[in-house]
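Keep in mind it's a predicted model, so treat the numbers as computed, not measured.
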Amino acid sequence: MFKTVLTYVAAKKVITCVVLAAMLIGVMAVACVAALFAPQASADEMNPYAGKTFEMTDKDAGTFSFYVTGDNHVMAVYPDNDRIGYTYNCFVAESGELVILDRNNDNSIFVGAMNTDGSLLESDGTVWSCAD
């Protein structure tokens with residue numbers, strides 16, 4: 001009788017291990033297939049400002065413009081010399097705002113969010129139009 005009970009318990013443990021291993025293999029297979037076919041995030045999806053040029057015209061100073069690249073850089077052109085561009089680092093904050101940093105990457109020199117019409121509203125109220 002003892003041998004029968006021991007055999008039953010051992011067989012039950014083996015069957016449980018085999019079932020759990022099969023379930024684990026099934027879950028891993030589903031995860032691998034999902035990872036294989038999942039779309040990769042592009043720079044445009046991570047940075048909605050990437051690839052866009054924004055302009056602001058001041059009646060006294062002229063037209064300021066900057067282009068946001070896909071690699072977290074901004075190329076700015078000032079009206080005093082539109083043949084020379086300046087490069088700044090930027091990032092998209094958790095709130096979705098574009099933040100442009102100064103040359104030393106210490107302070108933000110621009111903080112703005114995109115409106116539904118594609119224009120960019122700076123934190124001080126200045127509106128930059130999208131030139132694209």
Side-chain angles (χ1 to χ4, degrees):
M1 177 77 180
F2 180 71
K3 190 175 182 182
T4 306
V5 170
L6 186 62
T7 304
Y8 173 75
V9 170
K12 189 175 178 182
K13 296 242 186 236
V14 168
I15 291 172
T16 302
C17 286
V18 169
V19 169
L20 289 176
M23 288 172 49
L24 180 63
I25 289 171
V27 168
M28 290 178 62
V30 168
C32 289
V33 169
L36 183 65
F37 291 109
Q40 299 296 320
S42 67
D44 291 342
E45 292 170 344
M46 297 177 68
N47 185 350
Y49 304 97
K52 292 184 173 44
T53 301
F54 296 97
E55 294 180 342
M56 188 272 301
T57 302
D58 182 282
K59 62 182 176 186
D60 297 327
T63 301
F64 296 85
S65 66
F66 64 87
Y67 174 77
V68 183
T69 66
D71 60 350
N72 292 333
H73 288 90
V74 170
M75 297 182 336
V77 177
Y78 299 107
D80 57 351
N81 190 348
D82 59 358
R83 294 182 183 174
I84 297 176
Y86 300 91
T87 304
Y88 299 99
N89 290 326
C90 70
F91 64 92
V92 178
E94 287 185 25
S95 60
E97 294 178 322
L98 176 67
V99 178
I100 302 174
L101 303 171
D102 64 1
R103 293 242 183 236
N104 299 326
N105 296 325
D106 294 333
N107 300 314
S108 61
I109 57 174
F110 179 93
V111 177
M114 194 178 311
N115 292 329
T116 55
D117 64 353
S119 63
L120 191 63
L121 180 62
E122 194 173 351
S123 58
D124 68 357
T126 305
V127 178
W128 294 71
S129 61
C130 185
D132 296 330

Taking ring-ring contact (aromatic ring centres under 6.0 Å, His included) as the cut-off, I'd like each qualifying pair that reaches into [range], sequence neighbours left out, listed once.
range: residues 9-36; value: none
range: residues 10-36; value: none
range: residues 93-132; value: F66-F110, F66-W128, F110-W128

Would you kindly confirm whether [X] and [Y] end up in one hydrophobic cluster when ILVMFWY residues are joined by side chain heavy atoms under 4.5 Å apart?
X: L98; Y: Y86; value: yes
X: V33; Y: L36; value: yes
X: M114; Y: Y67; value: no

Got [X] and [Y] here, is their nearest side-chain heavy-atom distance under 4.5 Å?
X: Y88; Y: R103; result: yes
X: V92; Y: E97; result: no
X: Y49; Y: V74; result: no

Do you know which two heavy atoms are closest between [X] and [Y], and how far apart they sit?
X: M56; Y: V127; value: CG-O, 3.7 Å
X: C130; Y: G118; value: CB-O, 3.3 Å
X: D102; Y: D106; value: OD1-N, 2.8 Å
X: V68; Y: C90; value: CG1-SG, 4.3 Å
X: A50; Y: G70; value: CB-CA, 3.8 Å

Residues clustered with V14, ILVMFWY side-chain links under 4.5 angstrom: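 Noted: V14 shares its cluster with V18.
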
Members besides L101 in its Ile/Leu/Val/Met/Phe/Trp/Tyr cluster (side-chain heavy atoms under 4.5 Å): F91, V99, V111

N115 (side chain) donor-acceptor with D117 (main chain) under 3.5 angstrom: no

Flag for S119-S129: side-chain donor and acceptor within less than 3.5 Å: no

Residues that T69 engages under side chain to side chain donor-acceptor pair (under 3.5 Å), provided they are two or more places apart: D71

With N89, the side-chain hydrogen bond (donor to acceptor under 3.5 Å, both in side chains) member among N105, N72, N104: N105

